[in-house]
Amino acid sequence: MTNLLTIENFIDGRFVPCDHLIDSFDPSTGEVWAKVPNSSSQVVNEAVAAAKKAFISWSTTPVEQRSKILCKIADLIEENMEELAKYESKDQGKPVSLAKRVDIPRAVHNFRFFASAILHSVNKSSILEGAQAMNYTQKVPVGVAGLISPWNLPLYLLTFKLAPALATGNTVVAKPSEMTSVTAWMMAKFFNEAGLPPGVCNLVFGTGPETGAAIVQHPDVPLISFTGSTATAEKIAIACAPFCKKQSLELGGKNPSIVFEDADLNKCVPTSIRSSFANQGEVCLCSSRIFVHNKIFSEFLDKFVAETKKIKVGVPDDDSTVMGALVSKEHLAKVTGYVKLAKQEGGTIACGEGVDSPIQLPDKNKAGYFMMPTVITNVPDLGRCMQEEIFGPVVCIVPFSNEEEVIERANNVKYGLAACVWSENISRAHRVAQRLQAGTVWTNCWMVRDLNMPFGGMKASGIGREGVDDSINFFTEKKTICIKL
Ligand code: NAD
C-alpha cells in the first residue's frame, strides 16, 4: 500500500488531498498501482468557486499573455515526454512506444496549436450603408468550462479541450476518466511553473456519477465539453437541459471501411490493420466493420488474417509490442463477450480469441487484461456485433456486391463518426465519401487530420465540432454590437 502513487486534486493552484480514494489498476498486471480521489460535490463546488473567481482576470488577460503561458505548458510537457509516456502506458495499458509517438506529442501539439490559433482569430464587421450603421461581432469567453474526458487517449483528448478553453479566456474545472487520471495530475505540476494563475485550471478526479455529474449539474458551469460514450452523453444532455448549457458531445462510433475491387491492397491491408487494432482497438475512430467487394473478398481476408496473426501482443514497455493490454477487467470481459456473441450470431472467428494459441506473457503479467486481435466473418448486418460499439481489438469483415448496396449497409447503424473508402477510382471515392453518414471520411488512408478542419460525429456519435474555428466558436459567446455612424 505504501508504494502506491496517491494523486491529489488540483484546485486554486494547489494540490489538495482527498479523503475518499479509489483504486486505479495497472492493466498490464491487474494490480492496483495508484489511488485516485473520488471527489464529492463539495470538492467540485470548491473547484468551481476558484474557477469563477479566476475568470474575472483570466478572461481579460491579453491574448498574447495567455498564448505565452500555453506555449510554456507545451514546452514542459515536451521536456517530460519520456516520463509522461511511461505513466500514460502504465495507466491505460497501451505500449509506451505508442504513448511516446502519439499521445504525448499530440498533447504538446494541442497546446501549441491553440496558443497560436487564438492570436489569429478575428471578429467580423459589416457596414450597413443604407442605415448608416456598422455591425461588429465580439467573441467573449463563456465562463467556467466543465471538461470531461475518457480513458482511451487520456492526455491527448483532455488537452484537446483544455487548450482551446484556456486560449479563449475561459477558466476550467476538468475531470479525466477515473481509470486514467495520473498523467493529468502530472501535467498540473506544470501549470504554476508556466505562470498559469491559480484557479484558472482546476482538476478534480473521480467517478462519473459522483464527480462528473456534480460538474455537469453545477449552475455556475455554463458549458460542458464531453468526450465519452453515447449512453453517458444522454445523461449529460438531460442534466444540461434545465440550464440550456452549451454542450459539445464527442461520442462513440461503429465505423465502416469500404474496400472496392480496385483498392491497392498493398496500402489498404496494412492501414486497415492499424485502423482496426491501433491502441488495442480503443480509438473511437477505429474501423469495426470492413465491407470488402465480393471479387476480392477471399484475397483481402487471407492477407488481413495473415497480417493480424503477426501483431505482437505483449507487455507495454517492450519496444516490439504492437498491442498492449485493454484498459480494465470489465472492459476485457465486455470485448471478449462480443467474440462469444459473434459465434451465437452465426459468425466465424477467422483468427484471434478462442482459435489461436494464447499469448505468451511473463508471470507478472499473467493477470493483465490482454487479448488477441480478433477477426470475425459471416456476421449479419443487423446482429449486435455489426451494430454496437465494441471498442476493442475486434473487427468484422463482410462481403458486398455493389456501390449502392454498400453505402446503404454502411449507413445502417445509429452511429456516424468516421469511415474509410478504399478505391483507386477518384470519382467513386468522392461519390461514396459524400454519401456516407460520418463526420470524417478518409479515402485511401486513416487518421490523417489537420486540426484546422472540423471534427465530430453525426447521428448518435455526437453534436458539436472541434478543430480551430469550431472550438473557438464553442468556447466563446458571439455578441453583435451595432454602432450608428
Ligand atoms: P464513459 O462515457 O463511460 O466516460 C467518459 C467520461 O465521462 C469519464 O470521465 C467518466 O467518468 C465520465 N462520466 C461517466 N458518467 C458520467 C455522468 N453521469 N456525468 C458526468 N460524467 C460522467 O466513456 P469511456 O468508457 O470513458 O470512453 C469510451 C467511449 O468514449 C467510447 O464510446 C468511445 O467511442 C468514446 N470516445 C469518443 C471520442 C470522440 O472523439 N468521438 C474519442 C474518444 C472516445
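Numbering of residues begins at 1 and proceeds along the displayed sequence.
- Residues satisfying the side-chain contact (heavy atoms from CB on, under 4.5 Å) test with Phe474, not counting sequence neighbours, are Leu223, Ser225, Lys246, Ser248.
- Applying the side-chain contact (heavy atoms from CB on, under 4.5 Å) test to Pro150 and every residue at least two apart in sequence or in another chain returns Asn152, Leu157, Thr227.
- For Asp356, the salt bridge (Lys or Arg N to Asp or Glu O under 4.0 Å) partners at least two apart in sequence or on another chain are Lys309.
- With sequence neighbours excluded, no residue forms a ring-ring contact (aromatic ring centres under 6.0 Å, His included) with Tyr156.
- For residues 200-225, no pair satisfies ring pair (Phe, Tyr, Trp, His ring centres under 6.0 Å), with sequence neighbours left out.
- Ser57 is linked by a side-chain contact (heavy atoms from CB on, under 4.5 Å) to nothing, counting only residues two or more places apart in sequence or in another chain.
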Validation: residues 455-470 side-chain donor-acceptor distances under 3.5 Å, sequence neighbours left out:
unit_1	atom_1	unit_2	atom_2	d
Lys459	NZ	Asn411	O	2.9
Lys459	NZ	Val413	O	2.8
Lys459	NZ	Gln437	OE1	2.6
Ser461	OG	Gly252	O	2.6
Ser461	OG	Gly416	N	2.9
Ser461	OG	Leu417	N	3.2
Arg465	NH1	Gly457	O	3.0
Arg465	NH2	Gly457	O	3.4
Glu466	OE2	Lys161	NZ	3.4

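- Counting only distance, with no hydrogens or angles, the side chain of Ser24 and the backbone of Ala34 share no donor-acceptor pair below 3.5 Å.
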Please tabulate, for side-chain N and O atoms in residues 79-86, each donor-acceptor pair with protein atoms closer than 3.5 Å (sequence neighbours left out).
unit_1	atom_1	unit_2	atom_2	d
Asn80	ND2	Leu76	O	2.7

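- Arg106 pairs by the salt bridge (Lys or Arg N to Asp or Glu O under 4.0 Å) definition with nothing, not counting sequence neighbours.
- For the atom pair CG (Leu155) and OG1 (Thr180), the distance works out to 9.5 Å, reported to the nearest 0.5 Å.
- Under the rule for a ring-ring contact (aromatic ring centres under 6.0 Å, His included), the partners of Phe304 that lie at least two apart in sequence or sit in another chain are Phe300.
- Pairs engaging residues 79-105 under the ring pair (Phe, Tyr, Trp, His ring centres under 6.0 Å) rule: Trp33-Tyr87 [sequence neighbours left out].
- Qualifying salt bridge (Lys or Arg N to Asp or Glu O under 4.0 Å) partners for Lys366, counting only residues two or more places apart in sequence or in other chains: Asp363.
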